[in-house]
Amino acid sequence: MKIFKFLCILSLGTFILSRCNHSDELSGSLAKKVIEQTFNIPLAIPSMMDATQASIEAKSSSIIVNGSNISTLGYGGASILGPTLRIQQGATLNLLFSNQLNEATNIHWHGLVAPPLQDGYPTDVTKPGGTFNYKFKVNDRPGTYWYHPHPDMSTASQAYRGLAGFFLITSPEERALNLPEGQYDIPLVVQDKGLTNGLTYNPNNDDRTIGLFGESILVNGTMGPFLDVATRTYRLRLLNGSNARIYNFSLSNGAKFNLIGTDGGLIDSPKEMSSVLLSPGERADILVNFGSIAMDSSVFLVSNTFSGAYAQGYQMFKLMKFTVKKVETDPFTMPSILMPVEKLTQSESIATRKFSIGHDGMGGMGHNGMSHGGTAGVVMHPLDGKFFDPNRRDEVVRAGTIEIWEFDNSIGTETHPMHLHGLQFQVLKRTGGRAMLEPWELGWKDTVLAFPGEKVSIIIRFPDNKGKFVFHCHNLEHEDAGMMLNFEIQ
């Protein structure tokens, strides 16, 4: 027995060392370098749809990129992505969904406190040709949310090929702030795609290790986009809709902007900053004033370099271009107070749960006794030593209670944006790595990023929303390779 234990420990140590060395080898090469465009295509703005009485379908389509016809997936008649669904806080979402794909799919309402049977659980899918009526009351705070598919082991593929859309919540309190609206309120979903051989999804083991990266940046499904603006303040709703790439959003002239919202809606007061780093699934609402830009001059939204992520962050690249084409008097006055954010305190917590997110694996047994994510030799990503199984209850919590959850990536070599379904949380602390909370982590959140070498603690009040949900890494290649567990609210 002692010899067996020794061999197990020796094998584990060799495995971890090999994965660390492998990550070092991958770190600058496989986070595919972005090829910048000429920024001469008008930015597409998604159509707006009333979510209280809506009907959308998921179906195949195509777009023209550099003269080539690229096959895509889209919602609601769009060739790629989908309409922006809009609803007032307290109203009831009522959406008839039709699956016109040749594969099963569903919709996850990312960031919303949706009932378990409406949340897009990985095995709750609509088969090809089928329909499903999503209907529930939306009580979430006003802000920027989104929707995307969430079928087990197909989330990455379907989202990558185009299925995603914005979900905006408003309220009388938000409208009273007189924030920029209409043509001055611009949702921007940023995604990287590999378009060399069309928009196909065929990751290899290296892609499954660090995530799938593309050389082309699309904003609202537009490659090389520009937007003509006026000399006034705009609300830009930033969404990282990529499978794995992290963006350090900044302006090319170094100008500062004001953060007004995070994943869970408006924050308590504007925060002035010059960059905001978002991992896949995270959002940030920012206010940008173009009043100091000369007529016919341009400024770019860029992703600046950053450190700590090993496999990415080494390149600065442009995302889209803003060109001032009109002089307007800016009627906007920055409010000193936006919307109060209740602060959860550590003393309210009744339990602390710790999860290791710092190991990768090869092969692995998943649900129904099958190899989750593929056959032996395929890169797997366990969460706390386990792979996703819909038939298992991994964590059981009680509605109304407050707990602290710690995600430990201290010995990991990959970045992991951790996302919880059916609720919002607050980030409590980060140790190791950056060893601090970022300004955009001070409001309500549903996704939090852990760099290699970091432990991140979040504090959660579980809502009275009883049922089974999942929490997982929002690097979609990691999620589809098993890095997802269940929690049940009782």
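The main-chain N or O of G214 is found under 3.5 Å from a side-chain atom of R245 such that the two form a donor-acceptor pair. Judged purely by atom type and a 3.5 angstrom limit, N304 has no side-chain atom pairing as donor or acceptor with the backbone of S250. In this structure, Y160 contributes its side chain and G194 its backbone to a donor-acceptor pair below 3.5 Å. For D446 (side chain) and H419 (main-chain N/O), no donor-acceptor pair under 3.5 Å exists by modelled atom type.
The aromatic rings of Y134 and W109 stand perpendicular to each other, their planes meeting at an angle above 60°, with 30° marking the opposite boundary. Ring geometry for F300 against F39 counts as perpendicular: the plane angle is over 60°, on a 0 to 90° scale with 30° as the lower cut. In this pair, F487 and W405 present their aromatic rings perpendicular. The plane angle is above 60°, beyond the 30 to 60° band.
Judged by distance alone, the side chains of S171 and E174 never bring a donor and an acceptor atom under 3.5 Å apart. Checking N40 against T38 by side-chain atom types alone, a donor-acceptor pair falls below 3.5 Å. Between T144 and D285, the side chains place a donor N or O and an acceptor N or O closer than 3.5 Å (distance only, hydrogens not considered). A donor-acceptor contact closer than 3.5 angstrom links the side chains of D50 and T52. Counting only N and O atoms by type, the side chains of E477 and N243 include a donor and acceptor under 3.5 Å apart. Under the 3.5 Å distance criterion, with hydrogens and angles disregarded, no donor-acceptor pair is assigned to the side chains of H478 and H472. A donor and an acceptor atom, one from each side chain of D330 and T233, are located under 3.5 Å apart. There is a side-chain donor-acceptor pair under 3.5 Å between E282 and S279. Checked by atom type, the side-chain pair E403/S349 shows no donor-acceptor distance below 3.5 Å.
Considering L93, N139, I169, L423 in turn, I169 is the only one that fulfils the side-chain contact (heavy atoms from CB on, under 4.5 Å) rule with L112.
Checked against the 6.0 Å centroid threshold, F290 and Y234 count as a close aromatic pair.
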TODO: Given salt bridge (charged side-chain N to carboxylate O under 4.0 Å, His left out), test K271 with D268 step by step and report yes or no.
DONE: CA-CA 9 Å; K271 305 287 190 297; D268 52 4; 2.9 Å; yes
